[in-house]
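To start, the structure under review is shown below, and the notes come after it.
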Amino acid sequence: MALILCLYEQEVCGYPLSIFFIVFCTLGITTVALSVLVLYFRYFLRFDDDLATSIYHTFVALCYLTPILGAIVADSWLGKFKTIIYLSIVYAIGQVVMAVSAIHDITDTDRDGTPDNLTLHIVLSMVGLLLIALGTGGIKPCVAAFGGDQFQDHQAKQRSTFFSVFYLCINGGSLLSTIITPILRGQECGIHSQQKCYPLAFGVPAALMVVALVVFIIGSGMYHKTEPQGNIMLDVCKCIGFAIKNRFRHRSSSYPKRMHWMDWAEEKHEKLLIAQIKMVLKVLFLYIPLPMFWTLFDQKGSRWTLQATTMDGNFGSLILQPDQMQTVNPILILTLVPIMDSVVYPLIKKCGLNFTPLRRMTVGMFLAAMAFVAAALVQIQIDVSVYNTYIVWQFVSGLVKYSLMLSWPCMARNRCSIVESRNSLEPGLQEIYIMTKSKLRSIYIFSDPLLQTDDVMAKPEQGANAIRFPKHLFLLISRATFTITNGANTCEYSREFGFGSSYTLLIPSHFVWGPTCSESISGVEDIQPNSFHMGWQIPQYFLITCGEVVFSVTGLEFSYSQAPSNMKAVLQAGWLFTVAIGNFIVLIVAEIAQIEEQWAEFVLFASLLVAVCVIFSIMAYFYTYMDPAEIEAQFRDKDGTEESDKEELQMQKKDFVDHHNEDDEAKQSKM
């Protein structure tokens, strides 16, 4: 017991020792395979781009909707400590279910590498995502508020720094996840056939979560655990409901007006509770425009990742996968948060500028809008560089591949007579072919009979390259080496293919085995590789991250500082609820707008955020900052004074009654 007390009182650099256990727990919670989720939907469950984006944002919205439930459970029933433990277990189970859902061998009865019963995988994945949303959403408001509870009154500065460190840890876990999970996904694993290893990408974060939970439990004896103060949310709802009902009853002008509509609850509820609700409602009203920021911010995990699949990820010795591009965000977070706290904010203060939290948040919203303008410019360049695939027939003779653009009347008839010229095919050859409109087909003249193949019409998925020998098609990433053999001899052919291209490799009839055999193999480019470099996404990531630092970190601290003592987790949940609404807005706007051009959709979202930014700046101008502790103390002093007056009055009444009884007794004895 003495050891626990010693650890509880121990501080490291002015911080409670217990904070470090909470920070480690935060790392485990945020190490989730979110970066590969949209690709899992797109390429494993075979959803299209729009459905994959919709399911992704629905899941993210649920992750930020369930904090309301977590806050109610923590503040009213279990307390923050037990809530974190129980919901962490739910979270870990969800990740295990997700890992199981990604094992293709479960239903791959024909062992071709493709699940035969996608319905089972979809159901398992949805159950897993629901458990993860319930777990992580319930933990989110509790961890930040629980960390804030560890500080005493004289550690206000350390508490303020804690929220920056807390956000650093969130992004540290996100960085680990964004780097590791795409690498794990890129591995090939399986029992009967080797496929992308999504089970490993989901399973490793589950293991890390279990480790983080164990470490968090080890620190149990050091924590300052605030006991739950009853069902505060129920009390709040009852108080607000009574105030509205009472105001409606006294709507007549004959009744005197009150300063605030919540004052109509004074007949039934304590003035302290009413004052606390007023503080919460004041902040929640300010939250109304905030979801639009998250509408843009969370698209970096969906639309921006899909945008990266159409770009060139070759950084020299480093080849980035599309989902790894998201590592730019947490890397910049880890860099910018200390710079902002140690350099930028003090410098602004030294210049005499009052850069209040709400002004910081306004600047953050504007920077996020500019990030989407940058994303739109990138998308325009991508669209310009995309190869037009409407060359419908190609002819191969020897080592030369000839292309023929058919006229529209020929395409409309679906039957064309093709006569070779003396510069290409054998003289006098004439063939008639039946064609399908908008098909890309190759005809190999040197084969007998003529060989026809349907070529790739669109860029391959996930930035892969489609490599075709006349009778075989391979999907490969970046550099590939082919081994050609006839049993007795072998020949290796290597080539860099870039990202998103399609090639036909031709082995000529005069092919000779030997050291220089690969020189006679010729490659013909059917679809150009992605020519716009992935590095051009860095400016939009830089802008969105700058916006996140001055918006989100500030918002977390603002939510805690403006919350009454018994509603810290509730207001944190309200802050996270704005993230959920923002993700629902993505679905609504994208569905209503029905914009075919991606760059135009980016511009639309940027325009909406600029408009909301103006509205929020006006609301922030009229906001008055509060000190909840001081307000609560005033009401407690008043209540204490009133109680003292009541007790004194009761004593006076008692003395008067006792004195009156004594007089009556004296009179009776005289008689």
Side-chain angles (χ1 to χ4, degrees), residues 28-70 87-88 90-102 118-141 170 173-174 177-178 181-182 185 198-199 201-206 208-209 291 293-306 322-323 326 329-330 552 573 575-591 605:
I29 293 169
T30 53
T31 310
V32 60
L34 197 62
S35 59
V36 305
L37 196 56
V38 71
L39 298 182
Y40 170 72
F41 293 150
R42 180 67 184 84
Y43 302 119
F44 186 88
L45 299 181
R46 309 309 298 176
F47 295 162
D48 60 28
D49 284 358
D50 291 335
L51 182 58
T53 301
S54 299
I55 298 296
Y56 174 87
H57 285 288
T58 302
F59 167 70
V60 174
L62 284 176
C63 287
Y64 289 96
L65 195 61
T66 50
I68 296 175
L69 177 62
L87 291 182
S88 293
V90 173
Y91 176 86
I93 293 172
Q95 287 193 316
V96 171
V97 173
M98 277 297 296
V100 173
S101 75
L118 269 180
T119 303
L120 176 63
H121 293 274
I122 291 172
V123 170
L124 283 174
S125 63
M126 294 303 113
V127 170
L129 290 175
L130 185 61
L131 291 174
I132 292 172
L134 181 64
T136 188
I139 297 167
K140 282 179 186 293
I170 291 176
S174 177
S177 173
T178 312
T181 53
R185 176 191 66 84
Y198 288 103
F202 293 125
V204 170
L208 291 175
M209 182 64 221
F293 173 87
W294 301 111
T295 298
L296 276 68
F297 179 79
D298 282 327
Q299 290 190 60
K300 66 182 176 59
S302 56
R303 293 298 193 193
W304 286 14
T305 299
L306 293 173
D323 42 348
Q326 295 179 53
N329 174 250
S552 189
W575 168 259
L576 297 172
F577 182 70
T578 63
V579 184
I581 300 299
N583 280 271
F584 283 128
I585 292 174
V586 176
L587 307 179
I588 295 170
V589 173
E591 187 66 28
F605 280 114

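Index from 1, following the sequence. Just so you know, these numbers come straight off a predicted model, no measurement behind them.
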inquiry  = So His57 and Thr53, do their side chains get closer than 4.5 Å, heavy atoms only?
reply    = yes
ask   = Under a 4.5 Å cut-off applied to non-hydrogen side-chain atoms, are Ile132 and Val90 in contact?
value = no
message = Return the CZ to CG distance between Arg303 and Leu296, rounded to the nearest 0.5 Å.
response = 12.5 Å
Arg42 CZ to Thr305 OG1 distance, which is reported to the nearest 0.5 Å = 13.5 Å
query = For the side chain of Gln299 and the backbone of Thr295, is there at least one donor-acceptor N/O pair under 3.5 Å apart?
reply = yes
ask   = How far apart are the closest heavy atoms of Ala102 and Pro199, and which atoms are they?
value = O-CG, 3.3 Å
request  = Decide side-chain contact (heavy atoms from CB on, under 4.5 Å) for Tyr43 and Tyr198; before the verdict, give the C-alpha distance in whole Å, the side-chain angles of both, and the deciding distance to 0.1 Å.
outcome  = CA-CA 11 Å; Tyr43 302 119; Tyr198 288 103; 4.2 Å; yes
Distance in Å, Leu118 CG paired with Phe44 CZ, rounded so as to fall on 0.5 Å steps = 7.0 Å
message = Could you report the tightest heavy-atom contact between Ser54 and Leu587, atom names first, then the distance?
response = CA-CD2, 3.4 Å
message = Looking at every non-hydrogen atom in both residues, tell me the closest pair between Thr66 and Cys63 and how far apart they are.
response = OG1-O, 3.6 Å
message = Trp294 and side-chain contact (heavy atoms from CB on, under 4.5 Å): which single residue from Val60, Val586, Ile581, Thr578 fits?
response = Thr578
query = Do Phe41 and Leu51 touch side chain to side chain, with heavy atoms closer than 4.5 Å?
reply = no
ask   = Hey, does Val579 have a side-chain heavy atom less than 4.5 Å from the side chain of Pro291?
value = no
Side-chain donor-acceptor contacts of residues 119-131 below 3.5 Å, not counting sequence neighbours, with atom names and distances?
unit_1: His121; atom_1: ND1; unit_2: Ser101; atom_2: O; d: 2.7
unit_1: His121; atom_1: NE2; unit_2: Thr107; atom_2: OG1; d: 2.8
unit_1: Ser125; atom_1: OG; unit_2: His121; atom_2: O; d: 3.1
unit_1: Ser125; atom_1: OG; unit_2: Ile122; atom_2: O; d: 2.7

task = Determine the minimum heavy-atom distance between Val36 and Ala201, stating which atoms define it.
result = CG2-CB, 4.3 Å
